[in-house]
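Step one of this worksheet: look at the structure below.
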Amino acid sequence: MVNLEVNIGKTTFKNPVLTASGTFGNGSEFDDFFDVSRLGGILLKGTTLEPREGNPYPRMAETPSGMLNSVGLQNKGIDYFEKNIYPKVSLYKTNVIVNINGNYIEEYVELASRVNKLDNIAGIELNISCPNVKMGGMAFGTNAASAREVTKAVRAAYNKTLIVKLSPNVTSIVDFARIAEEEGADSISLINTLLGMAVDIRTLRPSLSTITGGLSGPAVKPIALRMVWQAAKAVRIPVIGIGGIMNSDDAIEFIAAGASAVQVGTASFIDPMASVRILEGIEEYLTTKGFNDIKDLIGYINRK
Amino acid sequence: MVNLEVNIGKTTFKNPVLTASGTFGNGSEFDDFFDVSRLGGILLKGTTLEPREGNPYPRMAETPSGMLNSVGLQNKGIDYFEKNIYPKVSLYKTNVIVNINGNYIEEYVELASRVNKLDNIAGIELNISCPNVKMGGMAFGTNAASAREVTKAVRAAYNKTLIVKLSPNVTSIVDFARIAEEEGADSISLINTLLGMAVDIRTLRPSLSTITGGLSGPAVKPIALRMVWQAAKAVRIPVIGIGGIMNSDDAIEFIAAGASAVQVGTASFIDPMASVRILEGIEEYLTTKGFNDIKDLIGYINRK
Amino acid sequence: MTKSVRNFQLIDNKSIKKDFYVLELSSGQPLPEILPGQFVQVRVDDSKETFLRRPFSVHDVDYTRNSLKLLIQIAGKGTSSLSEKKPGDLLSLVGPLGNSFSLPENDDRTLLVGGGCGVAPLLYLAKYLKSHKREFDILMGFRNRDRIIEHEEYRALSNVYLTTEDGSEGEIGFVTQHSLLRKEKYSRIYCCGPDAMMKAVGKFANENQIHCEVSLENLMGCGFGVCLCCIVKTVDGNVCSCTEGPVFNIKRLIW
Amino acid sequence: MTKSVRNFQLIDNKSIKKDFYVLELSSGQPLPEILPGQFVQVRVDDSKETFLRRPFSVHDVDYTRNSLKLLIQIAGKGTSSLSEKKPGDLLSLVGPLGNSFSLPENDDRTLLVGGGCGVAPLLYLAKYLKSHKREFDILMGFRNRDRIIEHEEYRALSNVYLTTEDGSEGEIGFVTQHSLLRKEKYSRIYCCGPDAMMKAVGKFANENQIHCEVSLENLMGCGFGVCLCCIVKTVDGNVCSCTEGPVFNIKRLIW
Ligand SMILES: Cc1cc2nc3c(=O)[nH]c(=O)nc-3n(C[C@H](O)[C@H](O)[C@H](O)COP(=O)(O)OP(=O)(O)OC[C@H]3O[C@@H](n4cnc5c(N)ncnc54)[C@H](O)[C@@H]3O)c2cc1C
Ligand SMILES: Cc1cc2nc3c(=O)[nH]c(=O)nc-3n(C[C@H](O)[C@H](O)[C@H](O)COP(=O)(O)OP(=O)(O)OC[C@H]3O[C@@H](n4cnc5c(N)ncnc54)[C@H](O)[C@@H]3O)c2cc1C
Ligand SMILES: Cc1cc2nc3c(=O)[nH]c(=O)nc-3n(C[C@H](O)[C@H](O)[C@H](O)COP(=O)(O)O)c2cc1C
Ligand SMILES: Cc1cc2nc3c(=O)[nH]c(=O)nc-3n(C[C@H](O)[C@H](O)[C@H](O)COP(=O)(O)O)c2cc1C
Ligand code: FES
Ligand code: FES
């Protein structure tokens with residue numbers, strides 16, 4: 001038996017396979033497909049203080065080995081979350097993490113304090129990297145001073161596991177990784193989507209109502225992997241790898257490059273069972289390669 | 001007959017299809033496949049003052065809808081270029097542009113002065129965005145002050161068409177586009193490759209000898225298109241679109257988003273005739289859609 | 001109606017008209033209950049350019065053979081690739097997905113309206129209604145005689161009325177111009193077809209206070225409610241077309 | 001030898017051994033001259049995971065039928081997909097690419113050494129040598145009897161000597177251990193096989209001052225000299241294996 005357990009912040013994950021926020025609904029959408037509790041953890045759809053309608057249709061475009069989305073954080077707000085979603089996700093026997101988003105630092109802080117009171121939520125993922133909202137979002141994640149300020153403020157308001165989700169749309173990912181660590185984040189997760197665009201040449205209009213949107217899927221994997229590798233070398237807190245992970249081979253690349261856990265995103269759209277198949281594949285790989293503990297694989301390529 | 005002519009700086013291009021530096025050799029490699037003189041222009045492999053051996057093998061990895069390379073500007077230097085390559089490329093009846101690279105500003109300037117004396121070279125593409133060299137390269141293209149300095153210096157040394165090739169590995173492409181314009185560049189071309197990485201999970205080693213390399217191909221197209229659109233709105237000089245252009249549909253997306261011309265890169269590896277097929281496809285599209293002049297398509301999506 | 005990811009084997013691929021194919025797929029295991037109006041998400045494996053699955057309405061179901069049919073119109077890369085599938089090929093399907101057309105009351109006068117590829121879900125709906133002993137008429141609109149698909153299959157189930165835009169078969173014009181709509185007093189309309197047709201039918205239904213359900217074809221990322229890309233503007237705000245639809249009562253839609 | 005991009009039609013796909021396939025492809029137009037050791041770049045269209053073309057040595061050429069053969073060993077996604085191709089399928093090839101094995105002098109004692117999939121270019125080389133009236137022997141090494149491929153084809157052309165690592169056929173051990181090398185005084189060796197084999201053969205040739213050419217299998221981006229990804233370290237610096245190779249005189253290589 002291989003030991004798959006990893007620790008991130010105050011949380012123990014029974015295995016390193018998590019789901020990426022905004023691609024896994026609130027978990028229950030997957031109940032028909034597999035037992036969600038098998039995963040190391042699930043990250044819920046981005047939540048805001050007030051309900052949001054998101055951006056107008058069309059919000060999606062297919063791209064080579066990827067997709068663009070400009071959902072824009074459509075969600076029913078934290079009140080609805082507490083009343084209707086929290087009781088349901090509390091039943092899962094796995095770590096549930098809430099992805100929080102705000103226009104202002106105060107909103108992030110209020111959300112963090114509200115989530116702090118929810119016993120069955122293992123942690124917060126602080127999303128400072130959503131490219132699809134006009135205010136907040138990526139503006140925080142691409143400006144060092146704002147990233148610092150919001151992390152510090154949320155840290156003060158939240159005492160369980162705090163993960164800061166970084167934007168890849170920056171010159172130096174290492175700077176932002178360090179800022180998160182310095183301000184007390186327990187972990188960083190990366191990458192969120194890359195800002196992209198598509199044009200419909202039949203209509204000669206942008207494919208998305210918002211013109212630009214977030215690129216995800218295997219297309220971004222090489223960039224994500226590079227950033228995870230850079231970030232993992234720069235900080236001591238655990239790094240969670242995200243970006244184009246479609247199968248266990250991809251997940252293993254991230255772990256070998258320094259990720260302590262991975263999040264499966266767009267892959268779940270194409271194969272709703274992707275996350276659990278990745279979990280099985282990692283276990284098989286470790287066994288075949290003779291690793292007894294997933295920890296021995298983390299950052300393997302950096303060893304000599 | 002559709003008018004395909006576009007003007008960039010002091011140069012008239014008979015059509016907007018160029019080839020991307022480092023993916024088209026010195027042109028002659030394509031002589032067997034088609035008449036290179038049909039293209040609007042060709043950009044030669046990156047040239048440096050001294051010969052360079054480039055990075056060790058392996059320098060390449062396939063990725064989903066793309067590839068990583070870390071060639072590292074292997075070339076025989078400007079002396080060899082003048083003596084052996086220049087006479088040959090002078091025979092092409094199309095614009096030949098030299099892509100120049102240096103470790104220091106002085107090297108860029110010396111290269112520019114040397115190329116300035118070559119009558120049959122229509123212009124220079126100033127590469128401040130190569131991710132695969134330890135010194136110079138992308139370091140210039142991701143730092144605003146250096147980008148400004150090198151552009152200014154090369155501009156002073158070169159009086160024909162000067163194109164600055166931008167790195168996509170930055171937070172704000174618009175800043176760099178503006179800097180190039182302010183310092184007198186005739187045009188900007190983008191994007192160079194995105195910094196990426198791959199791991200071989202069989203050997204648990206990085207796939208490239210240099211660990212990281214430059215990502216190109218359709219995977220990067222949505223990002224490239226977004227940057228071209230942003231840059232074209234921010235500057236008045238013409239923008240040359242590059243990144244994952246595989247067919248005429250892709251090229252049209254770039255032109256409609258604001259590019260005055262396009263460069264075909266990785267596509268030529270898979271189909272050596274890609275560039276000329278793209279040219280034919282653009283002409284057909286314009287005819288079908290009832291455009292008489294390519295200029296009417298440039299930036300079409302920005303019009304109301 | 002438990003959703004699953006399953007491989008189906010193609011047992012037949014019939015080209016029924018230029019650009020239209022009927023694929024029959026069978027599963028090794030029993031099918032779950034599938035309701036009319038539901039759809040499946042099909043993976044297109046052998047095309048470099050398709051990344052996401054493609055949604056198709058369930059066109060027909062045969063529980064005894066564990067098989068279902070899809071009616072596919074070539075629209076682009078994915079559908080072309082699917083049209084070339086051969087018996088024996090495996091296709092991965094996620095489904096059944098989405099809601100369904102409602103069952104009419106016993107005293108409803110029901111009309112099914114379809115156009116172009118929009119007839120796809122109506123065959124299974126018609127069979128379903130018939131098996132539930134509901135009566136209904138069918139009205140189908142096409143561009144011209146050459147575009148008409150499958151009306152024989154429908155004739156076996158009920159009265160079929162046709163319009164073509166050029167009058168080459170049936171009445172001339174659009175479905176909403178068919179004389180039937182002036183003669184008969186329907187209390188319930190189910191419609192699937194091009195947007196313009198659904199809007200025209202919806203308008204007609206509204207004006208005549210007829211209960212009307214339409215099946216929408218929004219772009220879909222996942223098909224089961226997690227990507228929030230397939231939204232439709234309704235009186236209740238943006239809702240997912242893949243879970244709260246694809247069938248909507250037109251009263252709910254903000255068109 | 002003008003290079004071109006062309007569609008070939010698959011006329012035969014024969015599985016000759018587990019994981020080994022011989023594909024015969026024919027072109028509508030006459031083939032250009034193809035030299036032994038040259039290769040083609042094959043596009044793998046129906047696999048989502050292959051982006052670049054895949055290089056394969058020309059295994060055989062039939063100018064009268066405008067056809068050529070490739071010997072393909074399954075190594076990953078691209079080769080698996082190619083192994084499933086059926087007669088009638090079209091494949092896009094770029095070629096002929098690369099340099100070739102040199103023609104031996106009339107008085108050369110020549111030996112062809114191949115192992116595993118590295119025998120691919122040797123069949124065409126052997127036929128070429130024969131048609132140029134050169135004499136040669138063939139030495140082939142495999143892991144065991146079950147891995148031996150195509151030695152009958154070679155026997156028709158000359159003497160074939162075998163080694164297997166377990167001695168299940170021919171002499172036991174590696175090719176460099178075969179008694180032939182102690183008995184015969186060769187002046188020229190052509191080798192293609194796994195890296196370790198080529199290095200061992202190269203070492204033997206060097207020690208015995210035998211002219212030796214090996215065919216390398218570097219990763220290739222383009223195949224015709226523009227991406228500079230396929231480099232080999234030589235005494236003249238980094239050179240492209242796709243244009244200055246794939247065949248190299250071992251004296252030039254820095255191994
Ligand atoms: C619930 C639902 C049920 C459907 N049922 C059927 C059916 O029974 N038979 C059938 O032939 N088609 C049906 N469609 C439409 C079908 O999904 C699209 O035609 C198909 O996805 C196009 O894929 P492609 O790769 O061939 O086209 P692409 O090359 O991807 O695009 C070609 C064109 O099709 C449009 N398109 C792409 N994806 C979709 C999509 N998901 N929905 C609508 N348009 C799209 C694009 O905008 C573009 O205009 C249905 C769609 C939905 C949402
Ligand atoms: C000049 C030349 C001639 C060749 N001739 C033949 C031949 O006649 N028959 C034959 O079966 N194979 C030949 N090869 C090797 C063949 O090209 C690779 O096996 C093939 O590209 C692997 O593709 P894949 O998609 O199946 O494997 P992938 O899934 O891409 O990779 C599987 C493994 O193959 C390795 N590989 C990938 N691409 C290459 C490559 N271009 N060269 C070498 N290894 C690679 C990878 O590193 C990996 O270890 C030749 C290679 C070269 C360069
Ligand atoms: C449709 C969609 C919605 C998303 N919504 C969110 C979100 O609400 N919050 C967030 O932090 N990330 C969101 N993301 C980003 C993903 O969590 C993930 O970072 C990104 O998609 C890259 O991973 P992938 O390539 O595996 O999908 C979303 C991504 C997609 C495709
Ligand atoms: C193998 C390879 C070598 C390259 N060499 C250079 C170079 O010497 N100079 C340069 O400016 N860009 C170089 N590039 C970048 C391309 O010119 C182009 O900007 C990039 O590949 C994106 O375009 P594409 O996706 O169409 O390939 C190289 C790209 C590749 C793939
Ligand atoms: S298609 Fe993803 S939510 Fe409807
Ligand atoms: S494979 Fe591109 S230069 Fe050799």
Side-chain angles (χ1 to χ4, degrees), chain A residues 19-34 44-46 51-76 132 200 202 207-209 213 216-219 244 246 265-274 276-277, chain C residues 1-7 32-33 40-45 47-55 75-79 92-98 195 216-245 253-255:
Chain A
T19 60
S21 175
T23 65
F24 205 70
N26 293 312
S28 60
E29 293 86 347
F30 289 82
D31 288 343
D32 271 6
F33 297 111
F34 69 96
L44 306 179
K45 172 71 199 160
R52 289 205 193 172
E53 282 287 290
N55 293 316
Y57 185 86
R59 293 178 172 187
M60 181 197 102
E62 189 179 53
T63 67
S65 298
M67 67 177 279
L68 290 164
N69 89 80
S70 60
V71 170
L73 291 174
Q74 176 177 335
N75 80 99
K76 296 190 171 157
N132 295 322
D200 182 338
R202 279 180 291 196
S207 300
L208 301 175
S209 68
S216 64
M246 300 300 283
T266 306
S268 293
F269 301 165
I270 290 148
D271 179 4
M273 296 179 65
V276 61
R277 287 193 175 135
Chain C
M1 286 210 315
T2 313
K3 299 187 282 283
S4 66
V5 192
R6 265 202 216 183
N7 279 334
E33 190 192 354
V40 292
Q41 282 269 69
V42 181
R43 186 158 173 163
V44 188
D45 266 323
S47 155
K48 276 196 206 309
E49 288 158 319
T50 54
F51 173 64
L52 299 163
R53 287 175 183 260
R54 299 292 191 259
K77 310 153 290 202
T79 45
S92 163
L93 268 61
V94 176
L97 301 169
D195 256 24
L216 303 183
E217 292 199 353
N218 281 21
L219 289 170
M220 290 190 175
C222 64
F224 50 97
V226 295
C227 74
L228 308 189
C229 289
C230 61
I231 46 136
V232 184
K233 241 181 156 160
T234 70
V235 292
D236 314 310
N238 285 337
V239 305
C240 284
S241 166
C242 69
T243 48
E244 305 202 19
L253 297 176
I254 298 177
W255 261 355

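All chains are named by letter (A, B, ...) in the order of the sequence lines, taking the proteins before the strands, and each is independently numbered beginning at 1. Owing to the predicted nature of the structure, the values given are computational and were not obtained by experimental measurement.
When the candidates C:G223, C:C230, C:G225, C:C227 are compared by the number of heavy-atom contacts under 4.5 Å with chain A, C:C227 comes out ahead. Taking C:V5, C:L219, C:I231 one by one and counting their heavy-atom pairs under 4.5 Å with chain A, the maximum is reached by C:I231.
Between C:L228 and A:V71, the closest heavy-atom pair is O-CG2, 3.7 Å. The minimum heavy-atom distance between C:N238 and A:N55, with the atom names listed, is ND2-O, 4.3 Å.
Heavy atoms closer than 4.5 Å to chain C are found nowhere in A:D31, neither backbone nor side chain. Neither the backbone nor the side chain of A:S70 comes within less than 4.5 Å of any heavy atom of chain C. Contacts between A:Y57 and chain C at a heavy-atom distance below 4.5 Å involve backbone atoms as well as side-chain atoms. Looking at A:F30, the atoms closer than 4.5 Å to chain C (heavy atoms on both sides) all sit in the side chain, from C-beta outward. Looking at C:V94, the atoms closer than 4.5 Å to chain A (heavy atoms on both sides) all sit in the side chain, from C-beta outward.
When the ring pair (Phe, Tyr, Trp, His ring centres under 6.0 Å) test is applied to A:F269, no partner is found at least two apart in sequence or on another chain.
Side-chain contact between C:F51 and A:T266: present, with at least one pair of heavy atoms (C-beta onward) separated by less than 4.5 Å. Side-chain contact between C:T243 and A:E29 is absent, with no heavy-atom pair separated by less than 4.5 Å. Two residues are said to be in side-chain contact when any heavy atoms from C-beta on lie closer than 4.5 Å; A:M67 and C:C229 meet this criterion.
The salt bridge (Lys or Arg N to Asp or Glu O under 4.0 Å) analysis of residues 59-73 of chain A, with sequence neighbours excluded, yields the pairs A:E62-C:R54, A:E62-C:K77.
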